[in-house]
Amino acid sequence: MTTSAHPETIQVGNGVESDFRDFRSTQKEVSTEEDCQHERNTNRGDSLERECESPREAGTLKGVSLASEDSFPTALSMRLAMVRGPDRLPDEGLQEALRGKLRVLEADNGEVTALFSELSARLLSINSEEDIIVITFKTFEEIWKFNTYYTMGFLGQCMENLLLDQEFWLNSVDQHEAAIEVSVPEETLNLMYKGILMQEGSFFGSCTANQMFDSSTSGSDLYLEQGDIAVFEPPFMGSGWTVQSLVDGARGTKPKPALEPVDPFHQWFLKSCPENILVGSGKLAYDFPFQFAAGSCVTTMEYDACGPDELSFECGDIIETVGLLLSCFEWFLGKHERTGNVGLVKTCLVKPTDSLCESTDTFLGKEDRLLFGLNNECTKAETIALLNKTSQSDIGSVYKLDLIGLQDSPKGTNGNQNGPYSVNASNQEELKSKIDQILSELKEAPSSPADMMEPCQDDGEASEPAGGDGVPCFTVHSEGEGPSHDGFITLLSFLNCADYKPEFHCLYDHSLQFLHLLFSGHADDEELVSYLGVARETARKKRQFWAQSRICFLLGKMCARKSKYSQARVYFEETLSVAREQFTDTFLLIAVYTNLAVIYLMQKNTEKYFAVSERIAALLMGIPNYICSTEKEPEVFKYILKKAILAHNRPAEARICFLLSKVYSRLEQSPSAAPFIERLQVLTEEFQEPCGVIPSHCYLALGKVYSAKYLPHLAVSSARRAALHPSATLTDCLTGVGLVLENAHRLFGVGKQGVAMPAQVAPYLSRVQSLAAAYDEDYALRHAASLCLSQLFQKHGMLGRAIERIHSLVSSELGRSLAEANQTLIYLAWLHICSGQHQQALDVLDSLLASTPENCTTPQEGVVYNLRAIALRHSGDIKQASHSYQEAIDICEEFDSRHNWAIALANFGILCLQARAKGLAETSLVQSVEFFSELEDEGHEVNFITVLLELGQFYIHEGQLEKGKIYYEWALLIAIKSNHSECQLKATRRLCDLYRTVCPDEAQCIIYNEHQLTLVRKTALIALLSEREAVCGMTAHRSALEYTKRSLGIFIDLRRKEKEAYAWLQAGKIYHILRQNELVDLYVQVAQDSGLSTGDTHFILELLEVAGDVFFNGTQEREKAVSFYRDRALPIAVKTSNLSSQLRLCNKLAELLIQLKQHGDAVEFAQSALDISVKLGDRLNERVAFHRLATLYHFLGQYELAEHYFLKALSLCPSPLQFDEETLYYVRVYQTLGDIIFYDLKDPYDAAGYYHLALAAAMDLGNKRSQLKLCTRLATIYHNFLVDRELSLFFYQKARAFATELNVRRINLSPDQNFRSTSMYRSNAQ
C-alpha cells in the first residue's frame, strides 16, 4: 500500500498510518517538493483556475479510459455561499461580510490551513473576490477522508465555526438565520482521485464491462465480468495494464481495459487487508434473488448435517431465517419449521418463498443499536455538573462596582431583540408574587444539603449479555491435594448446560475474566490449566459433553494467551467435535469459530480460515449482541467485509461496518472504529428506506472519536449534526453539549479570547430546554441550561433575551434550595440594573431582603444591599441608596471582607459625588484605594484601576493636579502589571487629556500619545490578534519546524546520530506545542530509537530525560512524562550510578506526581531524592526534599510525619538568617505547623508553641499582617483552650493595635469550629 511520506501527515484522518520507513527515507524529497509547491502557490492566478476548471470538460469518472497519458487536475476549488432562511436563498449582504473575513484570512491563512489539515486536505490559496478556497491532496486516503466529511455535511459547519461570529449562534437559537453552503466540483474531485491512484501504482478497480485478459499464470485467458473487482497496475514503459483476480490470484494483461476505481473507502479497506485475506474464496456460483432478506424459504434438496452446528432437512422443508439471510455468504442461520431446531443452512440449497422479502433493517430484533452505550442518568448528571462548573459566577458573593456596568453589560445593542425585555405592570406584579411565594416556601422547608449527583459508571454496551453478578467461584487445588473426580461435581454441573446463561459471559469474553471471577486459589496459569485438564477428563468420563466443551474452550483460550496456537487449535476443535445432537449455545459457537479463525489466519491455513469465516458471517447475521471473544476479532471481520464489498452488497456492508465499529469500541480501540462508523453513516444516508440506524447515535460516536483524536472542528460538527437531527433525544443533546464544551478550549481558547462557554453551545441548550420540558425532566437540568443561555446572551449584549430566560425559569420553578434561588434572583436583579430597569431590580432585591431571617446576617445580604443601592442611585433616591450602602459596609466590616468592603466604599464615594458631598466622597474613595492596595490575591485589579481613575478625576476637577496625576499613573502601573490592555488604554487616555488640556506638557503628551497609539493598535488588532495569536505562534513554530526538519535531513546524511536524535526530539517538541499529538509520540519514539542506536548510555539517559521534559514543561498530557522519567531514564541512571541525574529525575517525578494529585506515588520519589541529597551532601536539595515530604504527608493526612519533616526542613535553614525570604519561610512553616497541631491534631498547647516561634520570626521580619494573624490565633487559644486570661489579654491588645494600624475593624476570638482540617482552613481562608 502506497501512502504519503509527508512528515506532517504520518497519520491521516482517522488512523490510516503510513509506513514510517518510507517516511524516513523520503523526508528530504518531500521537503524539496513542498518548497516547489510553495513557490507555485505564491504565483497563483488564472493558470490555477484554468487547471481547476479544465477537467470538467472531460466528463465524469465513470466510462473514462484510465490511460497513463491522461492529464489530471492537481487542485480543487471550493466555493462558499451565504444562504438564509429555510429555503436556503443567497444573501448578498452576508456574502459581502463573508468576503471580508476571507480577505483577512487571505493575508494570514494559518487558521484555514489548520482546519483543512484536520479535514485531510492541503490549502493552496484563498480567492476572496470569487469566494473560492483552493485545496489539494497528496494521497487517495486524503481524498477519501475529505469526501467523507463533505458527504456527511461537515465542511459547511466547519467553515461556519471558523468564519461566523458569535451572534450567529445566538440568533440561531430561535431561528436558523444563516448558513454557509460549500460547493465542491465532484467531477474534479473524482479525476484527482483517479490521478493520484495512477501515480501510486496498483489500485483496486471494478470492471465496467465483460472482458478477457491474456493470462500470465495459466494457459487459459482470464475472464472478468462486469462489476468484478480486481487489482490493476497501470502500464509501464509501453506495456499494457496488468490485472490480478481476487478470486484465485490469477493474473492477466490488456492494453486498455474498461474499468473504474472502486469507492475510496473500498480502496483503503482492500489495500489494508493482508493478501491471505484478500485473495481467494471466489464469488458464489449461484444466484439468489435477494441481497439482504428475512422471512421463510424452502429447501431444494435433502441435506444431512455434517456437525451439530448444521441443520438437517429434506427437500421441500420450510426454513425460517433467524436474523438475516445474505446472498453473498455460503451459510445462513435458520430454524426448521417442523422440528424447531436451529442451525446453519447452505444458501445454495434454498429458494425464496412468498414470505421471504428484502429486509430494510440492518439490525436484529433485540440488538443494542448504540455504538457507544449512553446511560441517560449518567449523561444528565455529568452534563449538569459540567454546565454548573462552566457557568460558575461570583454574583452572589462579590460586590459589583457601580462604574463597571459597561464591562458586564453589553457595549451596544443590536435591534429590538437585544433591547430591554419589557414587562407590563400586571406581569411584573405577578412575577413578584411568584418570587415571594417561592422564597417563602423555601424558607419554611427544612434545610438539607443540595442533592448531589452520584458519579455514574458508563454501562457501556448496556444490553450486551453480561456476567459477573451471581457467578460461582471454584477453588483450584494443586495436584497433591486435588479433589477426587466427585469433587468436580459442582463445577461440571455449572458448566453442563445446553443453553447460554448470563453467567457464561465471563467465559467467552475476550478479557479472560474467568481467571479471577470463576476460579480462585491458583498461584499461576499453569496450575489452573492442570486443574482444568483433570476437570475435562472427568467430564469426558461422566459424558457431560457441554461441560467438556466449555472446559476445552477455556483451555484453548489459555493456550492462545501463551501463544501456543497449535495446542489451542486442538482444544477449540475438540470443543466442536464433542458428541451432541445440536449446538444450542450459539454464543459459545461463535466464540469458538472466531478463535479458530484467528489461529488459522496466523498459521496461514487460508482454506480453513475461509470456511470458518463463512460460518461466522452466518452467525453474526443471526445472533444479536454477540460476545467479543478475542482481541484479534477484527481480522476475522475483514474477510466478511471483503465478501460484501466484492458482491456489491451495500446492506451487508452497512451491517458489517456496524459490527466492526462495535467490536472496536468493546476492545477500547475507538480510533480504529472511525472509518467504519463514517462508512455506516454514509451508507445509511444513501438508503432510500429506513435501515434502523439512528443517525444521531452515529454522529455522537464519531464526535467522541474525533474529540479523542484531537480533531475539534470535526467533533463539534458531529455534535451539531447529532443534537439538531430530528431523531435526536434529550440524551443526544446533552452529549452534544458535553462534546462542544470539551472541545471549546481547542477551538475558542487563546484564539477566541479565552471563552469558557462559546456561543456555539446555545442551539444545543435551547434544544435541551425544549426536550426537557417535553419529557418533564427535573429542575436541575432546566436550571443549568437556562442559566448558561442567559449568561451567553448577557455576554454578547442581548440583555433582553438574557432576562427573558431567567423570567421563564422563575415562572416555572426557582430552585430546590434557598441558596440556589437567592443566587438566581441576585443575577436577575443585576441583569435588570444593566438594562436600566431599576424598579424591577428593586422589586427582586426587596423580595430577597424580606426572605432573610431576622437576627442572622449573612455575607450575601451585603451583596443584595450593594445592588439595591446601585439601583436606588440610578433611580435618583440618594438617601435610600446611602442607607443601603451603609448596611453593605457594616456587613463587610462584620465579616472582614476586605475586597467587598473596598467596593462598597468606592460605590458610596461615587454616590457622594453625585450628591456633591465632596469631602465624604474623597474620604470614602481614599479609604477604598487603601483597602485595594492591601489585597494580596488576584482578580480585583480592574476594580482597583477603575477606583484609582475615578479618584484621580475627582482631584483633577478639584484643581489638585499633582494628586490626580499620581492616581492616573498609579492606575496605569497597575494595568501594566496585570497586563490588562483596556485598562491601560483608559489610564493612558486620561493622562493624554491631562497633559494636553488641563496642564499642557508637550513632552509628556507625546510620550503618552505614543503609548496610546501602541495600545490602540494593539486593541484595534486585539480581535484579529485574539483570533490569530495561536496562529501567529503556530506560524513561528512551523517555521522553526521547517528549519528543524532541514537540519534533520543534514544530520541523517552526515550520520550524526546524536544530533539526529535531538533534531527528532526538537520536532516532536514543536508538534507538542502545536497540539498535533498524534505526531508527538511518533517523533519522540524515533528520537529514542536514534539515541539507542548510538549505544552511548550517558547520551541515552540525557535524551530520555529531555524527552520527558517535552511533556513535563508542557500544558497537556503531562502524565506522559512519568513513563520517560520513571520507566526509562531512572533505571539507566541507577544502573550507571549517576547520582546527579537520579536526584534530578526524582525531584521532577515527585513534583509532577504532586501536580497530578498522585500523592502516594510521589512519596517514594521524594524519599529517594532525600536519600540521594544526603549522599551528595547537597543541603539545599535536602531541605527541598524534607519540605516536599512534609507537604505530601500533610496531604495524605499523616500529620505526625508532616510535622517531623517540616522540622527537619527548618533545621537545615542557614543560621544566622541572611535574607528576608528565609525569615518569611520560618514564619510560614511555623504557622503551618501550628495549624496542623491545632486544627488536625487538636493540641492547642503545642500549637501555641509553634505560633510563638512564627510570631518571633514575623516580628524580626516586621510583617505586621502576619503578626496580627498570629496574635489573634494566640489570643484565641489562650482565651478558649488554655484559659490564661493574662496572656489572652496581652495578645488581644497587640492584635488590636495591629488591627488599628492596618484598618482592620474587628477581631474574632471565637474558635473556628468549622475548620476540621488544615486543608479546609486554607481553602476557606483563600
Side-chain angles (χ1 to χ4, degrees), residues 305-310 312 341 343-344 467 471-501 503-509 512-515 517-522 524-562 564-597 599-600 608 612 615 627 629-630:
C306 298
D309 57 332
E310 298 179 8
S312 298
N341 293 335
L344 297 175
V471 176
C473 186
F474 304 96
T475 303
V476 176
H477 299 276
S478 60
E479 295 182 5
E481 56 186 31
S484 62
H485 292 323
D486 295 336
F488 290 104
I489 292 177
T490 308
L491 173 63
L492 298 182
S493 62
F494 168 70
L495 295 177
N496 196 46
C497 178
D499 297 319
Y500 172 80
K501 297 191 298 186
E503 292 84 357
F504 292 157
H505 179 275
C506 66
L507 304 180
Y508 308 156
D509 188 67
L512 302 177
Q513 298 179 22
F514 70 89
L515 291 175
L517 286 178
L518 198 63
F519 301 103
S520 64
H522 52 286
D524 51 27
D525 289 353
E526 294 301 325
E527 189 174 338
L528 179 58
V529 168
S530 175
Y531 174 81
L532 290 175
V534 178
R536 164 176 162 264
E537 186 64 22
T538 304
R540 185 186 63 79
K541 291 179 179 179
K542 291 180 174 291
R543 301 185 61 81
Q544 295 183 347
F545 299 125
W546 281 106
Q548 181 184 350
S549 294
R550 292 189 174 96
I551 292 173
C552 286
F553 176 74
L554 298 182
L555 287 168
K557 291 199 69 170
M558 296 190 70
C559 290
R561 184 189 184 193
K562 297 290 185 179
K564 300 176 180 178
Y565 296 114
S566 296
Q567 190 174 350
R569 176 175 54 81
V570 172
Y571 281 124
F572 288 137
E573 289 175 347
E574 182 180 341
T575 303
L576 296 174
S577 63
V578 174
R580 62 173 69 82
E581 294 182 358
Q582 190 179 10
F583 213 116
T584 52
D585 187 351
T586 51
F587 288 106
L588 174 59
L589 182 61
I590 195 172
V592 175
Y593 276 144
T594 49
N595 281 276
L596 269 176
I599 292 175
Y600 291 148
K608 286 190 174 181
V612 170
R615 295 173 181 263
I627 301 171
S629 183
T630 173

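Excluded from the calculations below are hydrogen atoms, water molecules and symmetry mates; all remaining heavy atoms, backbone and side chain alike, are included. This is a predicted model, so every value here is computed, not measured.
Contact between Cys552 and Tyr571 at its shortest, heavy atoms only, is O-CB, 3.4 Å. Nearest heavy-atom pair, Arg550 versus Tyr508, reported as atom, atom and distance to 0.1 Å: NE-OH, 2.9 Å. Contact detail for Lys564 and Glu526: the closest heavy-atom pair is NZ-OE2, 4.1 Å. Across every non-hydrogen atom of Ser629 and Phe553, the tightest pair is OG-CZ, 3.6 Å.
Judged purely by atom type and a 3.5 angstrom limit, Thr630 has no side-chain atom pairing as donor or acceptor with the backbone of Asn595. One N or O on the side chain of Thr594 and one on the backbone of Ile590 form a donor-acceptor pair closer than 3.5 Å. Side chain of Ser493 to backbone of Thr490: a donor-acceptor contact under 3.5 angstrom is found. Within the 3.5 Å criterion, the main-chain N or O of Asp509 finds a donor-acceptor partner in the side chain of Lys557.
Counting heavy atoms from C-beta outward, Glu574 and Arg536 have side chains that approach closer than 4.5 Å. Contact check for Arg561 versus Asp525: side-chain heavy atoms found under the 4.5 Å cut-off. Annotation: side chain of Ile627 is not in contact with side chain of Phe504 (no heavy-atom distance under 4.5 Å). For the pair Pro308/Phe545, no side-chain contact is recorded, criterion being any heavy-atom separation below 4.5 Å from C-beta on. With contacts defined as side-chain heavy-atom distances shorter than 4.5 Å, the pair Leu492/Ile551 qualifies. Inter-residue side-chain proximity for Phe519 and Leu491 is flagged as met; some heavy-atom pair is nearer than 4.5 Å. Side-chain contact between Thr575 and Leu596: absent, with no pair of heavy atoms (C-beta onward) separated by less than 4.5 Å. Asn341 has its side chain out of reach of Thr584: every pair of non-hydrogen atoms, C-beta onward, lies at least 4.5 Å apart.
Judged as a side-chain hydrogen bond (donor to acceptor under 3.5 Å, both in side chains), and not counting sequence neighbours, Asn496 has no contacts. With sequence neighbours excluded, the residues satisfying side-chain hydrogen bond (donor to acceptor under 3.5 Å, both in side chains) with Asp309 are Tyr593, Arg615. Contacts of Phe583 classified as ring-ring contact (aromatic ring centres under 6.0 Å, His included), with partners at least two apart in sequence or in another chain: Trp546.
Interatomic distance, OH of Tyr500 versus CG of Leu507, reported as 9.0 Å (0.5 Å rounding). Interatomic distance, Leu532 CG to Leu495 CG, rounded to the nearest 0.5 Å: 9.0 Å.
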